[in-house]
Amino acid sequence: MASAMSMKASPVHPPKITTVKALVESTGSSSIPSFYNFTPYLRDEPIAGDAEDSIPIIDISLLVSGTPEQQSQIIHQLSKACSDWGCFMVINHDVTESLTKAMIASFQEFFDLPEEEKKEFQGNHVMDPIRCGTGFNPSMNKANYWRDFLKCFAHPEFHTPNKPAGFSEIAREFSKRNREVIIILLKAISKSLGLEESYVEKAANFELGLQLLAANYYPACPEPEKAIGIPAHYDHGLLTTLVNNGVSGLQVKHNEKWFNVNIPPNVLFVQVADHLEILSNGKYKSIAHRALVNNKATRMSIALAHGPALDTVMRPAPELVGNEGDQPAYVEMTYRKFLELQQTGRLSSKFRSDTEQSKAVRAS
Ligand code: OGA
Ligand code: NI
């Protein structure tokens, strides 16, 4: 940690750069400023070969309109996907490819707005319903991430910037359709845990659940091996859905190795997040993931975090807490409190070794 004196002497961050996009467009240089260096993330980290294993695929249409046998087969597949991997690819859902394309195009238009106009939406607090910005986190005194973002609360109240034209309508439809997929999955996941179908929705008060619509913008990076888009972390909701613009970069950690995730255009990639881990008392674990950057093309991804209601106390399902005097594995807390603790770095980390961010508080 730098002393007060030396911190005063050397500004860590050039004050003029507001986004990575602006930096890239203004310099066009072949190297990156040193404050984007993030080399430690590559150390001692095995990468899986493509043929090694593959991410489970869930045909959601069979959950909705399959025979009872097909439904129970998919529930079984979901159970395996959530416990072995913590992520899966959903096919045959109702988030159409054209809607996803329109959403990506609309976010692109947002990022293309003049820097001055985007500044209007520059929130500072996690609870700001609209917040755009860049990867720099001053409180962590760490390298900048090679990523700009826009985050909007889409549920229970819907917020989006009032520009570009049409953005709000597309975002509303996109968020709604993703939410419908999640409701189907939460019912099946409840059953896969041996719980009543509406268990997770009720326990999380999902009707008032916080849904966060986030777009990540990763410009092509002249030195991709030095920078990082987003370092390893876990998402904090129940489940996250993710799509991208056909440029890869997402990796998930499975069996101590990093796997590249290539998301086909009509597929929703779904990740188990911390609050499903908490509700399931650790039976399903949130998955560590990160975003790498490349030197060829701008990557965009859209992540929707589907979380509990902010003021509902979240705890492991009593049915899943062992009956031989075992304690629940996680401390009770509202989602709001969890987010606040995570922001201020006061959440104790379960998997310190592979993540920069914190993980669910475990009961000790
Ligand atoms: C995130 C995230 C990964 C990606 O936004 O939380 O993990 O592929 N994004 O952009
Ligand atoms: Ni994430």
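Every number for a ligand or one of its atoms is a count from 1 in the order of the listing.
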As an exercise, identify every atom of ligand 1 less than 4.0 angstrom from a heavy atom of [X].
X    : value
R299 : 4 (C), 8 (O), 10 (O)
I230 : 1 (C), 2 (C), 5 (O), 9 (N)
H233 : 1 (C), 2 (C), 6 (O), 7 (O)

Looking at V261, D235, N216, the heavy atom closest to atom 9 (N) of ligand 1 belongs to N216

Contact region, H289 to ligand 1, non-hydrogen atoms below 4.0 Å, reads side chain

Residue-level breakdown please: for Y218 versus ligand 1, do any non-hydrogen atoms fall below 4.0 Å on the side chain, on the backbone, on both, or on neither? side chain

Rounded to the nearest 0.5 Å, how far does [atom2] of [Y] lie from [atom1] of [X]?
X    : Y    : atom1 : atom2 : result
S175 : L304 : OG    : CG    : 5.0 Å
R299 : Y217 : CZ    : OH    : 13.0 Å
L186 : K191 : CG    : NZ    : 13.0 Å

Go through the structure and list residues passing salt bridge (Lys or Arg N to Asp or Glu O under 4.0 Å) with K151, not counting sequence neighbours. none

Taking the Ni ion (ligand 2) as the vertex, what is the angle from NE2 of H289 to NE2 of H233, given to 10 degrees? 90°

Look only at interatomic distance and state if Q271 has a nitrogen or oxygen under 3.5 Å from any nitrogen or oxygen of ligand 1. no

Is a side-chain donor-acceptor pair under 3.5 Å present for T19 with T134? no

Indicate if W85 and M89 have the same hydrophobic cluster label, given that clusters are the connected sets of ILVMFWY residues with side-chain heavy-atom separations under 4.5 angstrom. yes

Looking at D235, the N/O/S atom that lies nearest to the Ni ion (ligand 2) is called OD1

For the pair E197 and K202, evaluate salt bridge (Lys or Arg N to Asp or Glu O under 4.0 Å) and give the outcome as yes or no after the intermediate values. CA-CA 10 Å; E197 159 173 287; K202 282 189 188 146; over 6 Å; no

